[in-house]
Amino acid sequence: MILKKLKMSRLIKSFGWALSGLKDCILHEKNFRIQYIIALGVLVAGFVFSISLNEWMIILLSFAVVLCFEIINSAIEKLCDLVMPEYHAVIKKVKDMSASAVLLASIIAFIIGCIIFLPKVISLF
Ligand SMILES: Nc1ncnc2c1ncn2[C@@H]1O[C@H](COP(=O)(O)OP(=O)(O)OP(=O)(O)O)[C@@H](O)[C@H]1O
């Protein structure tokens, strides 16, 4: 029973730390803010165009992939800046590769958005 309570309080604490990381990203990471504002815009478009359940799931999955990659990219950048504040060729590779994950996910999310919304927008005219 005590062990269960300890495990539970540890779980709640971990959840709190993760939430504070998310708050940090929202407040201090410019790129993350831009991406979640775009995500909010797409959410509104989803309601306006009454997209289907399957379309909602694909859109939400795209948000999750892009936003999670952005958070991991920011964390990697922070770690790189701490470990190597001066220019280093390996750090450049690490940062560029990490940023490329966000870029790739964003391009695919954009294509998915076009596939879902373009026919609906075109049908308005
Ligand atoms: N210490 C470093 N050594 C080598 N190249 C670096 C270093 N720091 C940054 N760079 C290069 O500059 C690019 C931008 O790095 P930076 O850390 O400013 O990221 P950013 O995408 O501009 O993120 P943010 O806007 O959050 O600062 C990296 O992708 C990398 O090519």
Side-chain angles (χ1 to χ4, degrees):
M1 187 68 183
I2 292 173
L3 197 69
K4 232 182 180 177
K5 264 191 179 168
L6 278 175
K7 273 188 183 163
M8 200 61 195
S9 82
R10 174 85 199 166
L11 199 72
I12 290 167
K13 273 185 189 164
S14 301
F15 188 69
W17 291 324
L19 271 185
S20 104
L22 190 61
K23 194 176 112 196
D24 227 34
C25 285
I26 293 170
L27 293 180
H28 306 296
E29 296 299 330
K30 187 187 69 205
N31 292 342
F32 182 83
R33 261 209 311 270
I34 293 171
Q35 270 149 359
Y36 91 69
I37 287 169
I38 292 173
L40 287 179
V42 176
L43 275 185
V44 172
F47 284 113
V48 169
F49 288 105
S50 306
I51 61 175
S52 69
L53 191 63
N54 283 345
E55 289 170 334
W56 269 121
M57 286 192 289
I58 293 166
I59 290 282
L60 291 177
L61 199 64
S62 302
F63 288 170
V65 173
V66 174
L67 293 174
C68 291
F69 273 147
E70 185 55 48
I71 291 173
I72 293 168
N73 177 46
S74 300
I76 290 174
E77 275 177 10
K78 291 239 171 325
L79 194 60
C80 286
D81 292 341
L82 177 73
V83 175
M84 181 58 66
E86 301 86 36
Y87 180 91
H88 194 289
V90 174
I91 294 292
K92 176 171 171 48
K93 263 213 163 93
V94 171
K95 281 192 171 185
D96 289 353
M97 285 169 97
S98 159
S100 76
V102 181
L103 179 67
L104 192 61
S106 304
I107 290 171
I108 294 170
F110 177 74
I111 293 170
I112 289 173
C114 288
I115 291 170
I116 292 175
F117 289 107
L118 265 186
K120 299 183 199 310
V121 173
I122 289 168
S123 74
L124 290 178
F125 299 100

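Start at 1 with the first residue, then count along the sequence. Every number for a ligand or one of its atoms is a count from 1 in the order of the listing.
Residue Ile91 approaches ligand 1 through these ligand atoms, each under 4.0 Å from one of its heavy atoms: 1 (N), 2 (C), 3 (N). Every atom of ligand 1 is numbered from 1 in the order shown, and the set under 4.0 Å from a heavy atom of Met84 is 1 (N). Of all the atoms in ligand 1, the ones that sit under 4.0 Å from a non-hydrogen atom of Asp96 are 28 (C), 29 (O), 30 (C), 31 (O). Near Glu86, with a cut-off below 4.0 Å to any heavy atom, the atoms of ligand 1 are 1 (N), 2 (C), 3 (N).
Distance screen at 4.0 Å: atom 12 (O) of ligand 1 has no protein heavy-atom neighbour inside the cut-off. Inside a 4.0 Å radius of atom 18 (O) of ligand 1 there is not any protein heavy atom. Atom 22 (O) of ligand 1 is never approached by the protein to below 4.0 angstrom, counting heavy atoms only. In this structure, atom 2 (C) of ligand 1 has a protein heavy-atom contact shorter than 4.0 Å.
Close N/O approach between Asn31 and ligand 1 is not found [any backbone or side-chain N/O within under 3.5 Å]. For ligand 1, the polar-atom distance check finds an N/O of Glu77 within less than 3.5 Å of one of the ligand's N/O atoms.
Here the protein heavy atom with the shortest distance to atom 25 (O) of ligand 1 is Lys30 NZ, 4.1 Å. Considering only non-hydrogen protein atoms, atom 5 (N) of ligand 1 sits nearest to Lys92 CB, 3.4 Å. Among protein heavy atoms, atom 10 (N) of ligand 1 sits closest to Lys95 CD, 4.1 Å.
Counting heavy atoms from C-beta on, the side chains of Ile71 and Leu22 come closer than 4.5 Å. Proximity of Phe69 to Leu104: side-chain heavy atoms (C-beta onward) are nowhere separated by under 4.5 Å. For the pair Ser100/Asp96, no side-chain contact is recorded, criterion being any heavy-atom separation below 4.5 Å from C-beta on. Within the 4.5 Å cutoff, the side chain of Ile91 has no heavy atoms near those of the Glu86 side chain. The side-chain heavy atoms of Leu43 and Trp56, taken from C-beta on, include a pair separated by under 4.5 Å.
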**OP:** Start with the C-alpha gap between Ile116 and Phe49, add the side-chain angles, then the distance that decides, and say whether side-chain contact (heavy atoms from CB on, under 4.5 Å) holds.
**Re:** CA-CA 10 Å; Ile116 292 175; Phe49 288 105; over 6 Å; no

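Although no hydrogens or angles enter the test, the distance criterion places a donor-acceptor pair under 3.5 Å between the side chain of Glu55 and the main chain of Ser52.
With a 6.0 Å radius and a threshold of 12 heavy atoms from other residues, nucleotides or ligands, Met84 has its CE atom above the threshold.
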Tabulate below the donor-acceptor pairs under 3.5 Å that side-chain atoms of residues 26-41 make, not counting sequence neighbours, or state none.
{"from": "Glu29", "atom 1": "OE2", "to": "Lys78", "atom 2": "NZ", "distance (Å)": "2.9"}
{"from": "Arg33", "atom 1": "NH1", "to": "Ile26", "atom 2": "O", "distance (Å)": "3.4"}
{"from": "Arg33", "atom 1": "NH1", "to": "Leu27", "atom 2": "O", "distance (Å)": "2.6"}

